[in-house]
Protein chains: 2
Amino acid sequence: MPQTPPSPSQHTAGRQMRHERTEGDLQHCLLCDRNSGGLCNRIGRDGLEALASSSRRLVLPPGSTMVEEGQAAESFFNITRGTVKLFKSLPDGRRQITGFADPGQFLGLSRAGLYAFGAETVDTVHVCRFQRPQFEALLNDLPHLKRNLLTAITDRLAEAQEQMLLLGRKTAREKVASFLLGRTQTEQPPSDDTPPDPTPVASVPMTRVDIADYLGLTIETVSRTISALRREKLITSTENHCIRILSPDALRQIATGQTAG
Amino acid sequence: MPQTPPSPSQHTAGRQMRHERTEGDLQHCLLCDRNSGGLCNRIGRDGLEALASSSRRLVLPPGSTMVEEGQAAESFFNITRGTVKLFKSLPDGRRQITGFADPGQFLGLSRAGLYAFGAETVDTVHVCRFQRPQFEALLNDLPHLKRNLLTAITDRLAEAQEQMLLLGRKTAREKVASFLLGRTQTEQPPSDDTPPDPTPVASVPMTRVDIADYLGLTIETVSRTISALRREKLITSTENHCIRILSPDALRQIATGQTAG
DNA sequence: CGAAGATTTGACACGGTTCAAAACGTGTGG
DNA sequence: CCACACGTTTTGAACCGTGTCAAATCTTCG
């Protein structure tokens, strides 16, 4: 497992010898706690301190292997920045990406002590890493953590079911439309004063290969389909790895198969 | 929700007025506890009594709707006999079966209080039904139950990932081979004296339509593929809804794509 | 026995893959 | 800053696995 040295960034003050890292991590956890949807919600100051002292923050460059299928599950991660791809593979190299994990999501549950999937960073990724035994202990000590984890897994399972519907029953066009819509929700700060953007932007940091392996298509079909949607003025490319959705309603219709074309 | 009267079977003795049903259910739970893999494992006599008194056993005929997508999640089920299909649908009727739940599995987790999927019985199904508030209370009172549930969901998620690999990247032949192999593990009593059957039997209580909707194929392709495997003497039909696997190794090779044909 | 549903088989069509090549970006060194 | 090279994306043309449509056969059960 590749492992970059912990980033020395954000050293503002506080130079106590042994508490420096922990204090920084606690600050980070307090921040993380405020963003809803994560594991660390509502577990109290004591819980956050326990989490902070038994986790380690890491920054991983793009393309890092975080988890390999079949390996002993030694770490548990909470993603705070960037995107991770989870996948399963066949012996001949065919690959299915089973999901993209964005900030706020966990990573590293194991079946019988082994990872059942592989995981690689898509871009630069920040994580909190826990050693498994310590995380298990935290689970037992913090009922809210256990409950948050249960809720989070349930969400992942529901996503997986939705993705099975996509993979088994949708056309290429429906798949791509669904994918683009799905890439718009991520990491939207809940600001009530700003109404939902009428032309949201999809964050697409991954390559065509990854998209294809996620949707059960080839890169050529993905490319052709995106080109077609662009020709039809339903979407438009803005900057790098960003796609603006000009007609969310039309795209939603396509994604759910409620369209003639 | 269809609902048949509780089966009066296994009344051996004991005619105390108010404890009759509960006692029978406790017997059932004790039995259930012995079969590994379920939610009710290792929760102790007190826990089993709590489970027994807050659950109700039901017998559901084939084709019963247990759960409808989008409905309020009021019940939680533990399956003790029979097979249930879980599925998601598109507005135009296309359907994806996301999994079959066999005895020992639970059913009824909700996202934000709503079921994210539909569920129907395949054959005659026996379940323990819990009302949601009571089940939530049990979860808080019985740490082992919570832990068992976490393990069970993790298994379901791993299965879902495997199924995504199948749906997105396998050929029809590989899909059918995987399916048949997957239908052999279910409900094997752990008898150490009997070595694993060299020609295991796949339990296939569901129709071709269900198999097709599970594998992301049409019924015609499923039928053709099974016929081809039979022609090649890799499988053979025995009784109804049972398929004997004559060459598990060959089928495994096919299922994982390690084959030329 | 007869009817209704499920499964199997056949012929053909089509969506998506495969193979090939051009166009586009991106980073590097001169 | 440009030129080059390499990887990624896009586009094109032909092929093929699976879907579609149709009909025959098999099951199930009143």
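In the text below, chain A, chain B and the rest are named by the order of the sequence lines, each starting its count at 1. Computed from a prediction, not measured in an experiment: that's the story for all the values here.
- Side-chain contact of Arg244(A) with Thr199(A): a donor-acceptor pair under 3.5 Å is present, judged by distance alone.
- Side-chain atoms of Arg230(B) and base atoms of dT9(C) include no donor and acceptor less than 3.5 Å apart.
- Residues Glu174(A) and Arg94(B) are paired through a salt bridge, judged by an N-O separation under 4.0 Å between the basic side chain and the carboxylate.
- Following rounding to the nearest Å, Arg224(A) (CZ) and dT18(C) (P) show an atom-to-atom distance of 11 Å.
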What side-chain donor-acceptor pairs closer than 3.5 Å can you find for residues 223-231 of chain B, not counting sequence neighbours?
from: Thr225(B); atom 1: OG1; to: Thr221(B); atom 2: O; distance (Å): 2.6
from: Ser227(B); atom 1: OG; to: Ser223(B); atom 2: O; distance (Å): 2.9
from: Arg230(B); atom 1: NH1; to: Ser237(B); atom 2: OG; distance (Å): 2.7

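- When heavy atoms are screened at a 4.0 angstrom cut-off, Ser227(A) is found touching the sugar-phosphate backbone but no base atom.
- Taking the charged nitrogens against the carboxylate oxygens, Arg173(B) and Glu232(B) do have a contact shorter than 4.0 Å, which makes a salt bridge.
- Look at NE2 on His241(A): it is 13 Å from C1' on dC24(C), rounded to the nearest Å.
- Bounding nucleotides for the chain A contact on DNA chain D, 5' to 3', at a heavy-atom distance below 4.0 Å, are dT9(D) to dA13(D).
- Listed by residue number, Arg208(A), Glu220(A) are the residues of residues 208-220 of chain A with a heavy-atom contact under 4.0 Å to DNA chain D.
- Using a 4.5 Å cut-off on side-chain heavy atoms (C-beta onward), Arg129(B) and Arg57(B) make no contact.
- A search for ring-ring contact (aromatic ring centres under 6.0 Å, His included) contacts involving Tyr214(A) returns Phe100(A), Phe179(A), not counting sequence neighbours.
- In this structure the side chain of Ile245(B) never reaches within 4.5 angstrom of the side chain of Val201(B), judged on heavy atoms.
- Two residues, Arg169(A) and Met206(A), neighbour DNA chain D, and the one matched to the more 5' nucleotide by heavy-atom proximity is Met206(A).
- Salt bridge annotation for Asp213(B)-Arg169(A): present, with a cationic side-chain nitrogen under 4.0 angstrom from a carboxylate oxygen.
- Following rounding to the nearest Å, Leu167(A) (CG) and dG16(C) (P) show an atom-to-atom distance of 13 Å.
- Comparing the helix axis at one end of the helix from dC1(C)-dG30(D) to dG30(C)-dC1(D) with that at the other, each defined from 5 consecutive pairs, gives an inter-axis angle of 40° (nearest 10°).
- Side-chain contact check for Gln258(A) versus Leu90(B): every heavy-atom pair is 4.5 Å or farther apart.
- Residues satisfying the side-chain contact (heavy atoms from CB on, under 4.5 Å) criterion with Asp249(B), sequence neighbours excluded, are Arg252(B).
- Within the 4.5 Å cutoff, no side-chain heavy atoms of Val125(A) are placed close to those of Val59(A).
- Note on Thr221(A): every side-chain N or O is 4.0 Å or more away from OP1 and OP2 of dG16(C).
- When rounded to the nearest whole Å, the span between NZ of Lys175(A) and P of dG15(C) equals 14 Å.
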